[in-house]
Amino acid sequence: SYAWYGFDWNGYMYENTTFYQSSKKYKAKADGKLCVNEWIYEDDDAYYAGADGAYLMGETVTYKGKMYYLQSWGAMLVNGSSNGYRAREDGSLYVNAWYTDDDPSYEWADWYYYGSDGKAAKGVTVIGGKTYIFNDYGYMMQNTLYSDGTNAWVVNKDGIATKLVNNNWTYLDGKYYYAVNGKAYDS
């Protein structure tokens, strides 16, 4: 078994302190051993030291079966969103899960879906065998026509998208739709 240690420019071992080397942040314990593969709590924030002892920054970590996002300065994201991720109060990310800030019973609530990587879905996405379309901010589109320039869809009030066949009429929910060159038109 081995351990990582940190030393200053004079050769003195760091003990019970946080320090920087080569633009990376580390935490030395009282015996000088670096924190490795563990959470570090400083002030009101939680950080994670990776396999080499360096704090992870701007990436996800899976710990005890849950995924967490460590922001660009290393602090764990808690009860909010950043860089396409959304965290619960305990810091664990929404993974393969729906989320809304609104009252879920509200017909036009802004819904997001966070995939297996913890990031908000964008564009055309199949979830549970149904097709949904999310805008660039991760909001699920509802009750609209959508085109990606090649294909066209009709999106109903529940966010479920139906792909239209080019140069063909499609009858959905009491209306006719026509697609030509990837653009959708309604009657």
Side-chain angles (χ1 to χ4, degrees), residues 37 39 45-48 50-51 56-187:
N37 293 326
W39 290 104
D45 291 319
Y47 300 84
Y48 192 82
L56 300 182
M57 299 178 184
E59 60 186 281
T60 60
V61 63
T62 300
Y63 183 81
K64 294 187 177 180
K66 292 185 178 181
M67 187 181 294
Y68 300 86
Y69 177 64
L70 304 164
Q71 299 174 84
S72 61
W73 60 95
M76 177 177 64
L77 177 64
V78 177
N79 200 28
S81 64
S82 176
N83 201 27
Y85 298 97
R86 176 155 311 265
R88 295 177 170 87
E89 284 188 40
D90 68 354
S92 64
L93 296 180
Y94 285 84
V95 176
N96 295 322
W98 288 95
Y99 175 85
T100 183
D101 281 330
D102 301 317
D103 177 347
S105 65
Y106 178 57
E107 184 176 4
W108 300 109
D110 289 328
W111 284 95
Y112 303 83
Y113 184 80
Y114 295 89
S116 60
D117 62 354
K119 285 217 134 182
K122 293 181 181 175
V124 178
T125 306
V126 177
I127 303 164
K130 296 178 182 174
T131 302
Y132 298 88
I133 301 173
F134 298 86
N135 70 14
D136 290 341
Y137 301 103
Y139 297 118
M140 178 185 72
M141 296 178 142
Q142 295 172 280
N143 211 31
T144 191
L145 301 177
Y146 174 79
S147 172
D148 65 4
T150 304
N151 298 295
W153 289 265
V154 175
V155 184
N156 72 14
K157 67 180 182 67
D158 297 321
I160 298 170
T162 301
K163 187 175 179 181
L164 300 177
V165 178
N166 263 326
N167 301 315
N168 222 335
W169 286 98
T170 303
Y171 185 74
L172 292 168
D173 299 326
K175 281 181 99 172
Y176 283 97
Y177 299 91
Y178 191 79
V180 61
N181 298 325
K183 287 256 192 201
Y185 302 93
D186 61 2
S187 57

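Along the sequence shown, residues are numbered consecutively beginning with 1. Predicted model only: the values in this text are computed from it and were never measured.
For the pair Thr62 (side chain) and Met67 (backbone), a donor-acceptor distance under 3.5 Å is absent. Using modelled atom types, one side-chain atom of Asp117 and one backbone atom of Lys119 make a donor-acceptor pair closer than 3.5 Å.
Trp153 pairs with exactly one of Leu164, Leu145, Val124 by the side-chain contact (heavy atoms from CB on, under 4.5 Å) rule, that one being Val124.
Atom CH2 of Trp111 sits about 14.0 Å away from atom OH of Tyr139, to the nearest 0.5 Å. Between the OG1 atom of Thr125 and the OH atom of Tyr113 there is a distance of 9.5 Å, given to the nearest 0.5 Å. We find the CE-OH distance between Met76 and Tyr69 to be 13.5 Å, quoted to the nearest 0.5 Å. For the atom pair Tyr85 OH and Leu77 CG, the distance stands at 10.5 Å (nearest 0.5 Å). Here CD of Gln142 is found 10.5 Å from OH of Tyr132. Values are rounded to the nearest 0.5 Å. To the nearest 0.5 Å, the span separating CG on Asn135 from OH on Tyr146 amounts to 9.0 Å.
The aromatic rings of Tyr48 and Trp39 sit perpendicular, their planes meeting at an angle over 60°, well past the 30° parallel limit.
Shown here for Thr100 and Ala109, the closest heavy-atom pair between the two residues is OG1-CB, 3.8 Å. In plain terms, the two heavy atoms of Ser82 and Gln71 that are nearest each other are OG-OE1, 4.0 Å. Contact between Gly138 and Ala120 at its shortest, heavy atoms only, is CA-CB, 4.4 Å.
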Side-chain donor/acceptor pairs under 3.5 Å, residues 89-96, sequence neighbours excluded:
from, atom 1, to, atom 2, distance (Å)
Asp90, OD1, Ser92, N, 2.9
Asp90, OD1, Ser92, OG, 2.6
Asp90, OD2, Lys66, NZ, 3.3
Asp90, OD2, Ser92, OG, 3.4
Asn96, OD1, Ser116, N, 3.1

Which side-chain N or O atoms in residues 165-178 pair as donor and acceptor under 3.5 Å with protein atoms at least two apart or in another chain?
from, atom 1, to, atom 2, distance (Å)
Asn166, OD1, Asn181, N, 3.2
Asn166, OD1, Gly182, N, 3.0
Lys175, NZ, Asp186, OD2, 3.1

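At a threshold of 4.5 Å between non-hydrogen side-chain atoms, the residues Trp98 and Ile127 count as touching.
Take Lys122 and apply the side-chain contact (heavy atoms from CB on, under 4.5 Å) test, not counting sequence neighbours, and it matches no residue.
Within a 6.0 Å radius of CG in Asp103, more than 12 heavy atoms belonging to other residues, nucleotides or ligands are found.
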